[in-house]
Amino acid sequence: MSETRTFEELGAELAANPDSMAFVALAAAHRERELQRALAVCLRGLQRHPTHVEAHFELGQIYEERNERELALDEWAIVRQLAPDHLPSRLAAVALYLEEGRYGEARRELQAAERLTPGDARLAGLRDRLETAAGSAETVTAPVPQDAFADLLAAGDAIFGVLLVDAEGRVGMGRLLGDSQEAERSFGANMRGARREAERVVSYLDLGGFNGLEVQSGERRVTAAPLGERTVVVVTGSRVPAGRAIRALQQAMDIAEAQSGEETG
Amino acid sequence: MKGSPYDGLLDRVMRMPGIRGVLVVALADGLVVDGRVHVGVDGAALAALAASLYRRAGRATSAAVEEGLFLELEAERGRIMIAGRESLALMAVVDRRANPGQARLSVRRAAAGLTVTPTA
């Protein structure tokens, strides 16, 4: 039997049996030509088969092609939770982290992959890329602009960070006190991803516009709100009252808006 | 028919005014463990989205998923609250008219009772 099946064959199989696993191959075939359709096919299939490892991997690849990188990384993270020895998802994640300059995460993922398949030539290639890129990054580190939030950061010892994260997950302004630039980059990317996930949930439930997000862990409280495509984020200690964190967030939003006005005006 | 081990916990949250739905979600794979959602809401899809958001938020706060986070999303027409404990999370969809403070307390309390092998 031929390994390559046509669109028509795959589509017909899926039409005849909506529970068929053919949706993964069909989504992969669409990915080459029509990303939106590939996405729709894959998401529909995953609703019926939410733990299908290759479907999550395929969805990650579709997101990557759409330049929705955080969503791609999320899907591959799901793959690794479902199948920890799934090497392609680890390779894909390492490559993406390298492109994003997130060397710490690339290194962790690469080490995990190396434990799975020591001596794999693809891993050696990625290791070379990582060492070269991380070496260059140590020599040239672009400072993150932070002046506009400096007063706010200095105002209270319980404020650990004030940041403006752009639509790509980059920290455009502000900083996270005590953390390295790489940690700030990673934080920015994760906050952008969290916002997108939050918007997906809100949209799915038809709750109208997304107004903000608060995350509280044992140590930290992260309060964030959208400012157009950008996200303003305030990080405080978890014992800081929510009202104070919200007030700091509002001040940060005012500063960011004023700054935007100056830049455009 | 024997009820789910999470029945009592879910019922307590659902009794709060303004709670539109509650799910117990397995964080690792985003599967629904148990829950009550309104007609028209696909619980499986919602659970997968919630688990993904929770994991992402955990990464942003550098917290391990098992550590237990509390998340709150605010939207024009409602709120979503997610409280995690170990490998499970309790997600509630809260109406805009509900008292958010009471809802938070109820969700947190219920989540504190989440265990992989519940006895209640």
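Keep in mind that the numbers below use all heavy atoms, side chains included, and drop hydrogens, waters and symmetry copies. Protein chains get the first letters and strands the later ones, always in sequence-line order, with residue 1 at the start of each.
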- Can we say B:Arg108 and B:Glu72 salt-bridge, meaning some charged N sits less than 4.0 Å from an Asp/Glu carboxylate O? no
- Max heavy-atom pair count under 4.5 Å with chain B, selected residue of A:Ser238, A:Ala198, A:Ala189, A:Ala224: A:Ala198
- Message: Please check this pair: side chain of B:Arg96 against backbone of B:Ala75, looking for a donor-acceptor N/O pair closer than 3.5 Å.
- Response: yes
- Query: Short question: side chain of A:His49, backbone of A:His52 - any donor-acceptor pair under 3.5 Å?
  - Reply: no
- Task: Please look at A:Arg200 and chain B and tell me whether the side chain, the backbone, both or neither of the residue comes under 4.5 angstrom of a heavy atom of that chain.
- Result: both
- Task: Please answer whether the main-chain N or O of B:Ala57 pairs with a side-chain N or O of B:Thr61 as donor and acceptor at a distance below 3.5 Å.
- Result: yes
- Which bit of A:Glu199 comes within less than 4.5 Å of chain B, counting heavy atoms only: side chain, backbone, both or neither? neither
- Message: Between A:Arg192 and A:Glu70, does any NZ, NE, NH1 or NH2 come within less than 4.0 Å of an OD or OE carboxylate oxygen?
- Response: no
- Considering only heavy atoms and a distance below 4.5 Å, find which of A:Leu43, A:Thr223, A:Asp206, A:Thr51 pairs most often with chain B. A:Asp206
- A:Asp74/B:Arg56 ion pair, N-O < 4.0 Å: yes
- Note on the structure: Bottom line for B:Leu73: the part with an atom under 4.5 Å from chain A's heavy atoms is both
- Query: Of the backbone (N, CA, C, O) and the side chain (C-beta and beyond), which part of B:Arg104 lies under 4.5 Å from a heavy atom of chain A, both, or neither?
  - Reply: neither
- What part of A:Leu205 is in contact with chain B, defined as an atom under 4.5 angstrom from a non-hydrogen atom: side chain, backbone, both or neither? both
- Short N-O contact, B:Asp7 and B:Arg36, less than 4.0 angstrom: yes
- Query: Where on A:Ala242 is there a heavy atom nearer than 4.5 Å to chain B: the side chain, the backbone, both, or neither?
  - Reply: neither
- Contact class of B:Met91 relative to chain A, heavy atoms under 4.5 angstrom: side chain
